[in-house]
Amino acid sequence: DAGVIQSPRHEVTEMGQEVTLRCKPISGHDYLFWYRQTMMRGLELLIYFNNNVPIDDSGMPEDRFSAKMPNASFSTLKIQPSEPRDSAVYFCASSLVLGGNQPQHFGDGTRLSIL
Amino acid sequence: DAKTTQPPSMDCAEGRAANLPCNHSTISGNEYVYWYRQIHSQGPQYIIHGLKNNETNEMASLIITEDRKSSTLILPHATLRDTAVYYCIVRVSGSARQLTFGSGTQLTVLP
């Protein structure tokens, strides 16, 4: 079975540019999560969706960050304008249902470097 | 979510069983024990989870003590590809709160 697919794997761009990260969750999974991982703060939940609807975006750091899920098989995380402190590894994860103790399955992440 | 304590690092010889301990003495009755691992440059990978019974899947076994205050993840025949940081997490079933990874245990499988 295909896992969670993220693209690009690496992104290097200059400060001020728009960055779009993409995620394809596992087919049939109702929940999609966006995380950010840094050495300083570890793994942080940014936002999660249920059936394409954003449920909790309290982890989104600023208005510069936005996330969409136009359909069940695709989500984007956008940063505009990007800043050096946004440099991190961004992970997308999906799970089958929230109840029933289903685990979250992660993609391999996008390593973002803002110069 | 209950706090967990794991040793910072462990070594294991290739082909031998790797036993990774986790203390979660403040676990409550509706909290599950989850294990994830993160291999360098990859996303966290789900391994196994359980409530109070021992569990086994194709990757590992999970042994939970009767009082549920500690658990052990067992990789029966460790390979070099099992070298990773292993995280023990305790959380309520159905919780969508973020997965909080502690420091974990760096397992190094030696040839």
Side-chain angles (χ1 to χ4, degrees), chain A residues 1 3-7 9-10 21 23-26 29-51 53-61 88-112, chain B residues 1-4 6 8 24 27-60 62 64 68 71 73 81 84-106:
Chain A
D1 289 341
V4 175
I5 300 172
Q6 292 186 246
S7 65
R9 285 298 311 276
H10 303 274
L21 310 180
C23 175
K24 176 179 169 55
I26 294 173
H29 280 196
D30 294 332
Y31 287 84
L32 183 140
F33 306 82
W34 281 101
Y35 288 86
R36 176 172 69 176
Q37 187 176 41
T38 62
M39 289 293 291
M40 292 292 292
R41 293 192 296 270
L43 196 68
E44 304 172 281
L45 178 65
L46 301 177
I47 186 172
Y48 80 92
F49 295 82
N50 176 26
N51 291 325
V53 177
I55 302 300
D56 185 354
D57 65 355
S58 59
M60 297 285 262
V89 182
Y90 289 80
F91 291 107
C92 176
S94 68
S95 68
L96 189 57
V97 292
L98 195 58
N101 62 79
Q102 292 295 316
Q104 296 178 23
H105 297 272
F106 287 76
D108 280 337
T110 295
R111 186 172 296 273
L112 178 63
Chain B
D1 297 336
K3 179 181 170 60
T4 62
Q6 300 176 252
H24 32 79
I27 192 171
S28 59
N30 62 346
E31 288 182 311
Y32 284 73
V33 180
Y34 288 79
W35 282 84
Y36 283 78
R37 72 181 182 184
Q38 190 166 19
I39 297 170
H40 183 61
S41 297
Q42 296 184 19
Q45 179 186 24
Y46 164 77
I47 301 173
I48 198 167
H49 73 283
L51 182 63
K52 55 184 178 180
N53 297 323
N54 298 337
E55 302 288 343
T56 296
N57 62 21
E58 65 278 5
M59 289 183 68
L62 175 60
I64 303 173
R68 303 206 325 121
S71 60
L73 178 74
R81 289 179 298 177
V85 180
Y86 286 77
Y87 298 99
C88 168
I89 300 164
V90 174
R91 60 193 277 114
V92 175
S93 169
S95 171
R97 286 177 293 168
Q98 66 186 73
L99 288 175
T100 302
F101 286 10
S103 303
T105 297
Q106 170 66 58

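Just so we're on the same page: letters track the sequence lines, and every chain starts at 1. Side chains are part of it too, since the values below use all heavy atoms of this structure and drop only hydrogens, waters and symmetry mates.
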Please look at A/Gln37 and chain B and tell me whether the side chain, the backbone, both or neither of the residue comes under 4.5 angstrom of a heavy atom of that chain.
side chain
Side chain, backbone, both or neither of B/Gln42 within contact of chain A (heavy atoms, under 4.5 Å):
both
In terms of heavy-atom proximity below 4.5 Å to chain A, should B/Ser41 be classed as side chain, backbone, both, or neither?
both
Would you call B/Ile89 and B/His49 a side-chain contact if the rule is heavy atoms closer than 4.5 Å?
no
Test B/Ile27 against every option in B/Ile64, B/Thr4, B/Val33 by the side chain to side chain contact (heavy atoms under 4.5 Å, CB included) rule and name the one that passes.
B/Val33
Indicate the ring-plane relationship of A/Tyr31 and A/Phe33, choosing parallel, tilted or perpendicular according to the 30° and 60° boundaries.
parallel
Parallel, tilted or perpendicular, judged at 30° and 60°: which one describes the rings of A/Phe106 and B/Tyr36?
perpendicular
